[in-house]
Undergrad: 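Next up is a structure, given as structure tokens.
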Amino acid sequence: MTTSPFRIVFAIYPGMTHLDFTGPHQFLSRLPRSEVIVASAAGGDVPSEGLTFAATRRLGDISACDLICVPGGANATTVALDDAFVGEIRGLALSARYVTSVCTGSLILGAAGLLRGRRAACHWAWRHLLPLYGAVPDEARVVRDGNLITGGGVTAGIDFALVVLAEVAGADVAQMVQLGLEYAPAPPFDAGHPDRAPVAILAAYRERMAGLLPAREAEARAAVERLDT
């Protein structure tokens, strides 16, 4: 008897943060007996921060998957207003074994109505938007709530992928993949979290993000209004 491969779908879009996608993709593509599909709303080429991901599948042509993953991006709340794209994500998620995201991809899951009453992670700068979708924000780097697994900001996608690997294939497989990819982070600066970053660096980053906040909040509220109607 043949067993179907574990099907993973990455739902990507123009302007995403490509490490939100490529980090988990690199790890999950090593999952034994799996099929990894990269899909987008229109299919074809998808530009992202100076890179172009070619020949993606059309999301609407995929009937089912075991795991769907949505990356984040600076324009995640804008993408969350694309009813067709969000609807296709919702359709796949409702029958998937695992519904997942990285960074602000959780805001897109929220716009799809998939986070109500559930704990979820997000990039620390935008985590406060999660309650708009009925979600419970969680500061952990990887958050699991039932079949919902979400990663925090950007590089947390690698930790997220290891959690998924351990869940699907076991801790030994996850650790072998980690070893093969030599994931042993030792950053030169301890500035990767607001609790540890130098005060001046944190203030400068918050100032840079402040101009984006009103538009993102407005888009998030608009997505919630669409969901409620």
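These numbers come from the heavy atoms of this one structure, side chains and all, not from hydrogens, waters or symmetry mates.
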Undergrad: Is the backbone of Met16 close enough, under 3.5 Å, to the side chain of Ser48 for a donor and an acceptor to pair up by distance?
TA: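 A pair under 3.5 Å: yes.
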Undergrad: Can Val102 be reached from Val164 by stepping across I, L, V, M, F, W or Y side chains whose heavy atoms are under 4.5 Å apart?
TA: yes
Undergrad: Is it possible for you to say whether Leu202 and Leu213 belong to one hydrophobic cluster, with membership spreading through side-chain heavy-atom contacts below 4.5 Å?
TA: yes
Undergrad: Quick check: closest heavy atoms across Val86 and Val79, and the distance to 0.1 Å?
TA: CG2-O, 4.0 Å
Undergrad: Can Ile37 be reached from Phe85 by stepping across I, L, V, M, F, W or Y side chains whose heavy atoms are under 4.5 Å apart?
TA: yes
Undergrad: Within the supplied structure, the quantity of interest is the number of heavy atoms (other residues, nucleotides, ligands) at a distance under 6.0 Å from Glu139 CD; does it exceed 12?
TA: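 Open.
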Undergrad: For Ser95, give me all partners under side-chain contact (heavy atoms from CB on, under 4.5 Å), at least two apart in sequence or on another chain.
TA: none
Undergrad: Would you mind reporting whether Ile68 and Ile89 have side-chain heavy atoms less than 4.5 Å apart?
TA: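 A side-chain contact under 4.5 Å exists here.
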Undergrad: Does Arg196 have any side-chain hydrogen bond (donor to acceptor under 3.5 Å, both in side chains) partners at least two apart in sequence or in another chain, and if so, which?
TA: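 Asp190.
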Undergrad: Filter on side chain to side chain donor-acceptor pair (under 3.5 Å), then keep only pairs touching residues 165-187, sequence neighbours left out; what's left?
TA: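 As it turns out, the side chain to side chain donor-acceptor pair (under 3.5 Å) pairs with a partner in residues 165-187, which skip direct neighbours, are Tyr98-Glu167, Arg144-Glu167, Asp159-Tyr183.
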Undergrad: For the OG1 atom of Thr100 and the CG atom of Leu28, what is their distance to the nearest 0.5 Å?
TA: 8.0 Å
Undergrad: Hydrophobic cluster membership, with links at side-chain heavy-atom distances under 4.5 Å among I/L/V/M/F/W/Y: are Leu115 and Val224 in one?
TA: yes
Undergrad: Could you tell me whether the side chain of Asp66 reaches within less than 4.5 Å of the side chain of Val168, counting heavy atoms only?
TA: no
Undergrad: Report the residues that fulfil salt bridge (charged side-chain N to carboxylate O under 4.0 Å, His left out) with Asp145, sequence neighbours left out, ordered by chain and then residue number.
TA: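 Listed in chain order: nothing, the list is empty.
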Undergrad: I need the Tyr133 OH to Leu107 CG distance, nearest 0.5 Å.
TA: 5.0 Å
Undergrad: Are the side chain of Asp45 and the backbone N or O of Ala55 linked by a donor-acceptor pair below 3.5 Å?
TA: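 Such a contact is found between Asp45 side chain and Ala55 backbone.
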Undergrad: Which atoms form the tightest heavy-atom contact between Ile62 and Ala39, and what is the distance?
TA: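 Heavy-atom minimum between the residues: CD1-CB, 3.6 Å.
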Undergrad: Can you tell me how far the CZ atom of Arg221 sits from the OG1 atom of Thr77, to the nearest 0.5 Å?
TA: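 With rounding to 0.5 Å, CZ (Arg221) is 12.5 Å from OG1 (Thr77).
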Undergrad: Return the CD1 to OG1 distance between Ile158 and Thr22, rounded to the nearest 0.5 Å.
TA: 8.0 Å
Undergrad: Checking Ser34 now: which residues fulfil side-chain contact (heavy atoms from CB on, under 4.5 Å) with it, not counting sequence neighbours?
TA: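 side-chain contact (heavy atoms from CB on, under 4.5 Å) list for Ser34, sorted by chain: Phe6, Leu31, Val36.
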Undergrad: Other than Leu19, which residues form its hydrophobic cluster under the rule that side-chain heavy atoms must be closer than 4.5 Å?
TA: Val154
Undergrad: Please tell me whether Val70 and Leu94 are part of a single hydrophobic cluster in this structure, the criterion being side-chain heavy atoms less than 4.5 Å apart.
TA: yes
Undergrad: Where do Leu148 and Leu109 land on the side-chain contact (heavy atoms from CB on, under 4.5 Å) test, with the steps shown first?
TA: CA-CA 10 Å; Leu148 177 70; Leu109 293 184; 4.0 Å; yes
Undergrad: For the atom pair CZ (Arg226) and CG (Leu81), what is the distance rounded to the nearest 0.5 Å?
TA: 5.0 Å
Undergrad: Can you find a heavy atom in the side chain of Leu59 that is under 4.5 Å from one in the side chain of Leu92?
TA: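 Touching, per the 4.5 Å side-chain cut-off.
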Undergrad: For Ala156, which residues count as a side-chain contact (heavy atoms from CB on, under 4.5 Å) partner, sequence neighbours excluded?
TA: Arg141
Undergrad: Taking only residues two or more places apart in sequence or in another chain, which ones pass ring pair (Phe, Tyr, Trp, His ring centres under 6.0 Å) with Phe21?
TA: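 Applying ring pair (Phe, Tyr, Trp, His ring centres under 6.0 Å) to Phe21 gives Phe10, His25, Phe53.
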Undergrad: For Val163 versus Val142, what's the shortest heavy-atom pair and its separation?
TA: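 The answer is CG2-CG1, 3.9 Å.
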Undergrad: Using the side chain to side chain donor-acceptor pair (under 3.5 Å) rule, collect all pairs that involve residues 109-119, keeping only residues at least two apart or in two chains.
TA: Arg116-Asp228, Arg118-Asn147, Arg119-Asp138
Undergrad: For residues 193-220, which residue pairs qualify under ring pair (Phe, Tyr, Trp, His ring centres under 6.0 Å), counting only residues two or more places apart or in two chains?
TA: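 Applying ring pair (Phe, Tyr, Trp, His ring centres under 6.0 Å) to every pair that reaches into residues 193-220, excluding sequence neighbours, yields Trp124-Tyr205.
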Undergrad: Does Pro32 reach the side chain of Val173, with side-chain heavy atoms less than 4.5 Å apart?
TA: yes
Undergrad: Give me each pair satisfying side chain to side chain donor-acceptor pair (under 3.5 Å) with a member in residues 5-20, each pair once, sequence neighbours excluded.
TA: Arg7-Glu35
Undergrad: List the atom of Ala174, the atom of Ala166, and the distance in Å for their closest heavy-atom pair.
TA: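 Heavy-atom minimum between the residues: CB-N, 3.7 Å.
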Undergrad: Under the rule for salt bridge (charged side-chain N to carboxylate O under 4.0 Å, His left out), what residues qualify as partners of Arg97, not counting sequence neighbours?
TA: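 Per chain and number, Arg97 pairs via salt bridge (charged side-chain N to carboxylate O under 4.0 Å, His left out) with no residue.
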Undergrad: Does a side-chain heavy-atom distance below 4.5 Å link Leu130 with Ser106?
TA: yes
Undergrad: Compare every heavy atom of Ala11 with every heavy atom of Pro71, then report the nearest pair and how far apart it is.
TA: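 Closest approach of Pro71 to Ala11: CD-O, 3.1 Å.
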Undergrad: With a 4.5 Å heavy-atom cut-off, do Cys122 and Leu129 have their side chains touching?
TA: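 When only atoms from C-beta onward are counted, Leu129 and Cys122 do not touch, as no gap falls below 4.5 Å.
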Undergrad: Look at the side chain of Arg216 and the backbone N and O of Ala74, then say whether any donor-acceptor pair between them is shorter than 3.5 Å.
TA: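 Here the side-chain-to-backbone pair exists.
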Undergrad: When you compare the side chain of Glu217 with that of His128, does any pair of heavy atoms fall below 4.5 Å?
TA: yes
Undergrad: For residues Arg33 and Thr3, determine if any side-chain heavy atom of one lies less than 4.5 Å from a side-chain heavy atom of the other.
TA: no
Undergrad: Give me the atom names and distance for the closest heavy-atom approach of Leu212 to Trp126.
TA: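 In terms of heavy atoms, the two residues are closest at CB-CH2, 4.0 Å.
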Undergrad: Does Ala121 offer a backbone N or O that forms a donor-acceptor pair with the side chain of Thr150 under 3.5 Å?
TA: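 Yes; judged by distance alone, with no hydrogens or angles, the pair exists.
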